[in-house]
Amino acid sequence: MTSTTLTAALPAGHRERLMSLAHDVSFATGSRLFEEGQHADRFWIVRTGTVALDLHVPGRRAAVVETLGHGELVGWSWHFPPYVWHLGAEAASPVRAWEFDAATVRALCERDPEFGRTVACWVGQVAARRLHAARVRLLDLYAPYGSGDR
């Protein structure tokens, strides 16, 4: 599967354009970055630390479906209408990240179709990978025989 980290997914020129919009943020362990169902108006790329993605499971604790680290995109729902988070996210350790305003990045994608296509492909790959990870994790947790991926 194609790597979905920033450096692997975007060519240098596009990375530089995206990074020109970044600002540094930090999250303490246990801080919630976003909640499933809320408006997705920003996204992050992890610099240090880990972020746990979780999925609400009725009647149970939220299930952690994936843990993200250095160079990985946190959040993809900002790129697709109706811009609502499909998962939740929590800092599993102290996190330093680059934060991006979603509307600003979407506007840049509209103005520069080549950049927009590259970003759309990257975010689409991330979304596909995350949905697969969520499926496998939920099958491992709740199906009688697990996902069969092990």
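For the residue pair Leu53 and Ala89, the shortest heavy atom distance occurs at CD2-CB, 3.8 Å. Across all non-hydrogen atoms, the minimal contact from Ala102 to Ala40 is CB-O, 4.4 Å. What you find for Pro11 and Thr118 is that their closest heavy atoms are CD-CG2, 3.6 Å.
Asp101 places none of its side-chain heavy atoms less than 4.5 Å from the side chain of Leu21. By the 4.5 Å heavy-atom criterion applied to side chains, Phe80 and His86 are not counted as neighbours. For the pair Glu72/Arg129, a side-chain contact is recorded, criterion being any heavy-atom separation below 4.5 Å from C-beta on. Counting heavy atoms from C-beta outward, Val119 and His79 have side chains that approach closer than 4.5 Å. The closest side-chain heavy-atom distance from Cys109 to Phe115 is below 4.5 Å. At least one side-chain heavy atom of Phe100 sits less than 4.5 Å from a side-chain heavy atom of Met19. Side-chain contact between Gln125 and Leu73 is absent, with no heavy-atom pair separated by less than 4.5 Å.
Side-chain atoms of Trp78 and Asp41 form no donor-acceptor pair, as typed in the model, at a separation below 3.5 Å.
The 12-atom threshold is not exceeded at CZ of Arg96, counting heavy atoms of other residues, nucleotides or ligands nearer than 6.0 Å.
The closest donor-acceptor contact from the side chain of Arg15 to the backbone of Leu10 lies under 3.5 Å. Looking at Glu99, its side chain never comes within 3.5 Å of a backbone N or O of Val25 through a donor-acceptor pair. His70 places a side-chain N or O within donor-acceptor distance of the main-chain N or O of Arg47, the cut-off being under 3.5 Å. In this structure, Thr67 contributes its side chain and Ala52 its backbone to no donor-acceptor pair below 3.5 Å. Between the side chain of Ser93 and the backbone N or O of Gly49, no donor-acceptor pair lies under 3.5 Å. Between the side chain of Glu16 and the backbone N or O of Gly13, no donor-acceptor pair lies under 3.5 Å.
His39 and Tyr83 have perpendicular rings, their planes meeting at more than 60° on a 0 to 90° scale where under 30° would count as parallel. The aromatic rings of Phe43 and Trp122 sit perpendicular to each other, their planes meeting at more than 60°, with 30° as the lower class boundary.
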Practice prompt. Could you please spell out the steps behind the side chain to side chain contact (heavy atoms under 4.5 Å, CB included) verdict for Phe34 and Val74?
Written response: CA-CA 10 Å; Phe34 54 86; Val74 179; 3.8 Å; yes
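Rounded to the nearest 0.5 angstrom, His14 NE2 and Arg117 CZ are separated by 9.0 Å.
Looking at Asp54, Leu131, Val64, Leu55 one by one, the single match for side chain to side chain contact (heavy atoms under 4.5 Å, CB included) with Leu87 turns out to be Leu55.
Between Arg17 and Glu114 there is no salt bridge, since no side-chain nitrogen of the basic residue lies less than 4.0 Å from a carboxylate oxygen of the acidic one.
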